[in-house]
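Below: the structure, in structure tokens.
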Amino acid sequence: MTEPTIYELSSPGRAGVTFPDPDVPRAKLPDSLLRADLPLPELAEVDVLRHYVNLSKYNYNVDGGFYPLGSCTMKYNPKINEDTARLPGFTFTHPLQPIETVQGNLALMYTLQEWLKEISGFTAMTLQPAAGAHGELTGVLIMRAYHKDRGDAKRVKMLIPDSAHGTNPASSGMIGLDVVQIPSDARGNVDLAALKAACDETVVGLMLTNPNTLGLFDEHVEEVVKIVHECGGLVYGDGANLNALLGILRPADVGIDVMHFNLHKTFSTPHGGGGPGSGPVGVTEKLAEFLPSPIVGILEEGNDDMPPLFGFITQKKTIGRVKSFHGHFGVIVRAYTYIAMHGADGLRQVAEYAVLNANYLRTRLNKTYRLPFDRICMHEFVAEGKVEGSDIRALDIAKRLMDYDFHPPTNYFPLIVHEALMIEPTETENKVTLDAFADALIKIAEEAKTQPELLHEAPHKTPFGRMDEVKAARELVLCCWLPEDYEKK
Ligand SMILES: *Cc1c(COP(=O)(O)O)cnc(C)c1O
């Protein structure tokens, strides 16, 4: 089943738009811009609309169904976020406007910085980074700048637990640091003996995800931080899993020195399909002057009659800019809205329900699927996608779930669990949905024994069946269609 392309639907002379009269004098386009040989499709508005609406139905989406994508916190995005992000006062501003004319935007950014500080316990904040991985890069640059500033140039190693997201070693590798992998112990914590052995005076720091990607809170987090600090290193917190901690634990309180947020995960701004994201970075006092600049600050204090004057501040030892202008403002507005709507109590409830939902699913499934670390989890857990007495793999289970109208969970990550199925329900799903999902996974385990071919060949209900995933990733066809005689013209 394939949808005809917009070119195949084209019919000469059909038109979809009528341009309004220009409010500026008409001018001729330069000849160099006019290309008679460009095969532009000709369609009516209704043809275009139906084409794209039909294509959009091929996509699974969080507005259409459950999305238990571990490590990604794919929660439902309240539509009020979209309303506020579309307010003309925000959309019709430009980052190069004089600050006096964008005080509202700056006040919003300043307030969000303050809220993120309160949530995390950090002293200073930048909203510039474009996503989590970009926040990591910013954070490791800050860590290195801090050591260099102290005249300590021999630190070249970053310690990273084996349960970390791939972006952690990538961010460290990008700035030329040597990555040293630290194993996990039998309970899924950082292996303390291995950490001690790796800590010396060449260590920039440790990148710690807590809860980690197994969905487990490290039972010795304070000990881990202490070991790294004792050898002069800093601790980077990967804040992608903050959804489990909101209102319960402030990462700075356990000694984390620098951390990125994923506004597009924890604070419900859409990120399916690759963005845009936002990865603010928070730091403790001693790292504050290294933050990317400028950051939003108060230039003149306000009083009863006058609001404060917001503007931009440059940190003394800044690592420089990491993003053009001031980050992804639309995402920042959405996160602001989400936090304002929830308030402190609401945010704590988010974390409590996220953890409750994950543990509910875990205990419904742990008799059917083996859980390598079957202890109370945080917002997610990892199961093995195997069924005893069958040759079924995690991939088969993931594909079969699509026939039951569920988005598959993350699979084959984290790498330390064979045939990993990483399940994160989030707080926005109710018990009926969670039960339906658990029932589907239990049914699939039965099918694995009685009708394994059903799983091997799944999915059966989607517009396209089982894909060659390697080929799809390696031989991406980006230009979908050109008329056969295009080259010749
Ligand atoms: C999502 C994620 C990242 C990367 O964040 P992006 O915004 O996708 O760049 C890093 N670490 C963990 C644990 C994550 O889940």
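Sequence positions, counted from 1, serve as the residue numbers for this chain. Atoms within a ligand are numbered from 1 in the order they appear, just like the ligands themselves.
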Before you tell me yes or no, could you show the steps for Asp149 and Phe290 under side chain to side chain contact (heavy atoms under 4.5 Å, CB included), namely the whole-Å CA-CA distance, both residues' side-chain angles and the distance that decides it to 0.1 Å? CA-CA 10 Å; Asp149 183 59; Phe290 299 98; 3.6 Å; yes

Neighbour count above 12 (heavy atom, 6.0 Å) for Ile80 CD1: no

Atom OH of residue position Tyr60 - does it have more than 12 heavy atoms of other residues, nucleotides or ligands inside 6.0 Å? yes

So Lys196 and Glu223, do their side chains get closer than 4.5 Å, heavy atoms only? yes

Do Leu116 and Phe261 come within less than 4.5 Å of each other through their side chains, counting heavy atoms only? yes

Give the C-alpha distance, both sets of side-chain angles, the deciding distance and a yes or no for side chain to side chain contact (heavy atoms under 4.5 Å, CB included) between Val333 and Tyr338. CA-CA 9 Å; Val333 176; Tyr338 183 79; over 6 Å; no

Residue by residue, ordered by chain and number, which ones reach under 4.0 Å of ligand 1 with a heavy atom? Ser71, Ala131, Gly132, Ala133, Glu136, His165, Thr167, Thr209, Asp238, Ala240, Asn262, His264, Lys265

